[in-house]
*Asks:* 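Take this structure, written in structure tokens, and hold onto it; I'll ask about it next.
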Amino acid sequence: MQAINHVAGKAIPFGRKNVDTDVIIPAHWLKTVTRDGLGEGAFEAIKKEDGNVFTDERWAGAPILIAGDNFGCGSSREHAAWALLDMGVTCVIAPSFSDIFSGNAFKNGILTVALPQAAIDRLMEVAQDQPIDIDLDTQTVTTPFQDRFTFEIDSFRKHCLLNGLDEVGLTMAQGDAIAAHEAKARESLPFLARTLASA
């Protein structure tokens, strides 16, 4: 998982509320056996709307998505997070998120930032033609106009995102402790060690 400390650049001023995971990535895209290419299917129905932000070149390649309340509701499909990553989004800012989506985003290295609606409205305005800066270390979102918004994040999630640790990475980081535990188990339970060795 890629570590996240600082995300800066263009932000897609989407802002729509109650966007479920079927809107983020439609069900017919779930048949794929790879994560590659899911960005093409992201927000497929919305991309067909006139004047939508996802086909507007002004926000092509933007690493930040500004969304409305209850983003990522609906089904628990992890493909929604994969699709966002594949389209280059590494941070989503919204007033609130579905718990399951927020968990899937975190496990895949996407920072979710919850801010009050007033802050979202301001960022939507700034994002029309200016970049936005998110600093995970200081837990702040800033703009070129000296706007500064602070956000909360669980300390464990912050640690994992800053260090690029997914579930496998967390386990590997405990390699010495695991090895010490296994050595102690072999000493105190030699019959178990012999059983495991012969299996």
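Small disclaimer: the values here were computed from a predicted structure and weren't measured.
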*Asks:* Within the distance-only criterion (no hydrogens, no angle test), does the side chain of Lys17 pair as donor or acceptor with the backbone N or O of Ala67 below 3.5 angstrom?
*Replies:*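 Side chain of Lys17 to backbone of Ala67: no pair is present.
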
*Asks:* Main chain of Ser75, side chain of Asp20: is a donor-acceptor contact present, judged purely on distance under 3.5 Å?
*Replies:*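 The answer is no, because no donor-acceptor pair under 3.5 Å joins these two groups.
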
*Asks:* Is the shortest side-chain heavy-atom distance between Asp133 and Thr143 below 4.5 Å?
*Replies:*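 Asp133 does not reach Thr143 side chain to side chain.
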
*Asks:* Return the minimal non-hydrogen interatomic distance between Pro95 and Gly68, and the atom names on each side.
*Replies:*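 For Pro95 versus Gly68, the nearest heavy atoms are CD-C, 3.5 Å.
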
*Asks:* Suppose we screen for side chain to side chain donor-acceptor pair (under 3.5 Å). Which residues come up paired with Asp99, at least two apart in sequence or across chains?
*Replies:*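 Side chain to side chain donor-acceptor pair (under 3.5 Å) list for Asp99, sorted by chain: empty.
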
*Asks:* Restricting to ring pair (Phe, Tyr, Trp, His ring centres under 6.0 Å), what partner residues turn up for Phe97, sequence neighbours left out?
*Replies:*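 Applying ring pair (Phe, Tyr, Trp, His ring centres under 6.0 Å) to Phe97 gives none.
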
*Asks:* Quick one: pull up CG in Leu165 and CE in Met1 and give me the separation to the nearest 0.5 Å.
*Replies:*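 Those atoms lie 6.5 Å apart.
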
*Asks:* Taking Trp59 for its side chain and Ala127 for its backbone only, find out whether a donor-acceptor pair lies under 3.5 Å.
*Replies:*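 Yes, the answer is positive, given that a donor and an acceptor are paired below the 3.5 Å cut-off.
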
*Asks:* Measure from the side-chain N and O atoms of Asp22 to the backbone N and O of Ala27, and report whether any donor-acceptor pair falls under 3.5 Å.
*Replies:*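 It does hold such a pair.
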
*Asks:* Rounded to the nearest 0.5 Å, how far does OG1 of Thr112 lie from CG of Leu65?
*Replies:*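 These two atoms lie 12.0 Å from each other.
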
*Asks:* In the structure I gave you, are the side-chain heavy atoms of Thr55 and Lys47 within less than 4.5 Å of one another anywhere?
*Replies:*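 Counting from C-beta outward, Thr55 and Lys47 do come under 4.5 Å.
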
*Asks:* Give the minimum heavy-atom separation between Pro26 and Gly41, together with the two atoms involved.
*Replies:*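 Scanning both residues, the minimum pair turns out to be CD-O, 3.3 Å.
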
*Asks:* Please answer: with hydrophobic residues joined when any side-chain heavy atoms are less than 4.5 Å apart, are Ile110 and Ile24 in the same cluster?
*Replies:*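 Yes: a chain of side-chain contacts under 4.5 Å links Ile110 to Ile24.
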
*Asks:* Quick one: CG on Asp135 to OG1 on Thr140, what's the gap to the nearest 0.5 Å?
*Replies:*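 Separation between the atoms: 4.5 Å.
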
*Asks:* Is there a path of hydrophobic side-chain contacts, each under 4.5 Å between heavy atoms, that joins Phe43 and Leu30?
*Replies:*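 No; tracing contacts between hydrophobic side chains, which count when under 4.5 Å, never links both residues.
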
*Asks:* Using the rule that two of Ile, Leu, Val, Met, Phe, Trp, Tyr join whenever any of their side-chain heavy atoms come within less than 4.5 Å, decide whether Leu123 and Leu136 are in one cluster.
*Replies:*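 In one cluster: yes.
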
*Asks:* Of all the heavy-atom pairs spanning Ser98 and Gly72, show the shortest one and how long it is.
*Replies:*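 Shortest heavy-atom separation between Ser98 and Gly72 comes out as CB-O, 3.1 Å.
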
*Asks:* Is it true that a side-chain atom of Arg77 and a backbone atom of Phe101 form a donor plus acceptor pair closer than 3.5 Å?
*Replies:*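 Answer holds: no.
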
*Asks:* Look at Arg122 together with Glu125 and state whether they make a salt bridge at an N to O cut-off of under 4.0 Å.
*Replies:*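 Salt bridge: yes.
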
*Asks:* Could you pull out the closest heavy-atom pair between Ala42 and Ile25, with the gap in Å?
*Replies:*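 Heavy atoms only, the tightest pair is N-CD1, 3.9 Å.
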
*Asks:* Do Phe106 and Val141 share a hydrophobic cluster (ILVMFWY, side-chain heavy atoms under 4.5 Å, transitive)?
*Replies:*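 Shared cluster, yes.
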
*Asks:* Could you give the distance from CG (Leu111) to NZ (Lys158), rounded to the nearest 0.5 Å?
*Replies:*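 Rounded to the nearest 0.5 Å, the CG-NZ separation comes to 10.5 Å.
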
*Asks:* Mind checking whether His6 and Asp137 have side chains closer than 4.5 Å, heavy atoms only?
*Replies:*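 No - every pair of side-chain heavy atoms lies 4.5 Å or more apart.
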
*Asks:* Checking Phe71 against Phe14 for the ring-ring contact (aromatic ring centres under 6.0 Å, His included) test, could you report, in this order, the C-alpha distance in whole Å, the side-chain angles of both residues, the deciding distance, and whether it holds?
*Replies:* CA-CA 11 Å; Phe71 185 77; Phe14 181 39; 7.0 Å; no

*Asks:* Output the distance between atom CG (Asn104) and atom OG1 (Thr21), rounded to the nearest 0.5 Å.
*Replies:*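 Answer for the CG-OG1 pair, Asn104 versus Thr21, is 9.0 Å.
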
*Asks:* Asn108 side chain to Ala105 main-chain N or O, any donor-acceptor pair under 3.5 Å?
*Replies:*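 Checked: no pair found.
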
*Asks:* Any donor and acceptor pair, going by atom type alone, linking the side chain of Lys10 with main-chain N or O of Gln130 inside 3.5 Å?
*Replies:*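 No; judged by distance alone, with no hydrogens or angles, the pair does not exist.
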
*Asks:* Considering only heavy atoms from C-beta outward, does the side chain of Val113 approach that of Leu115 to under 4.5 Å?
*Replies:*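 Side chain of Val113 against side chain of Leu115, heavy atoms only: contact under 4.5 Å found.
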
*Asks:* Can you tell if the side chain of Asp147 reaches within under 4.5 Å of the side chain of Val126, non-hydrogen atoms only?
*Replies:*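 Touching, per the 4.5 Å side-chain cut-off.
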
*Asks:* Do Ile4 and Leu162 touch side chain to side chain, with heavy atoms closer than 4.5 Å?
*Replies:*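 Counting from C-beta outward, Ile4 and Leu162 never come under 4.5 Å.
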
*Asks:* Provide the closest heavy-atom pair for Leu161 versus Gly109 in the form atom of the first, atom of the second, distance.
*Replies:*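 Closest approach of Leu161 to Gly109, heavy atoms only: CD2-CA, 3.9 Å.
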
*Asks:* Show the numbers, then the answer: is there a salt bridge (charged side-chain N to carboxylate O under 4.0 Å, His left out) between Arg157 and Glu152?
*Replies:* CA-CA 11 Å; Arg157 288 189 174 188; Glu152 297 298 319; over 6 Å; no

*Asks:* If hydrophobic clusters are built from ILVMFWY residues whose side chains come within less than 4.5 Å, do Met124 and Ile132 share one?
*Replies:*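 Shared cluster, yes.
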
*Asks:* Can you give me every donor-acceptor pair (side chain of residues 83-93, partner residue at least two apart or in another chain, under 3.5 Å) with its distance?
*Replies:*
| unit_1 | atom_1 | unit_2 | atom_2 | d |
| --- | --- | --- | --- | --- |
| Asp86 | OD2 | Gly37 | N | 3.0 |
| Asp86 | OD2 | Leu38 | N | 3.1 |
| Asp86 | OD2 | Gly39 | N | 2.8 |

*Asks:* State, to 0.1 Å, how close Pro63 and Ala8 come at their nearest heavy-atom pair, and which atoms those are.
*Replies:*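 Heavy atoms of Pro63 and Ala8 come nearest at CG-O, 3.7 Å.
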
*Asks:* Give a yes or no on whether a salt bridge exists between Glu40 and Arg35, defined as a side-chain N under 4.0 angstrom from a carboxylate O.
*Replies:*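 Looking at Arg35 together with Glu40, the answer is no, because their closest N to O distance does not fall below 4.0 Å.
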
*Asks:* Is the number of heavy atoms from other residues, nucleotides or ligands within 6.0 Å of CD (Gln128) greater than 12?
*Replies:*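 Buried by this count: over 12 neighbours within 6.0 Å.
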
*Asks:* Rounded to the nearest 0.5 Å, what separation is found between the CG atom of Asn18 and the CG atom of Asn70?
*Replies:*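 Asn18 atom CG to Asn70 atom CG measures 4.5 Å (nearest 0.5 Å).
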
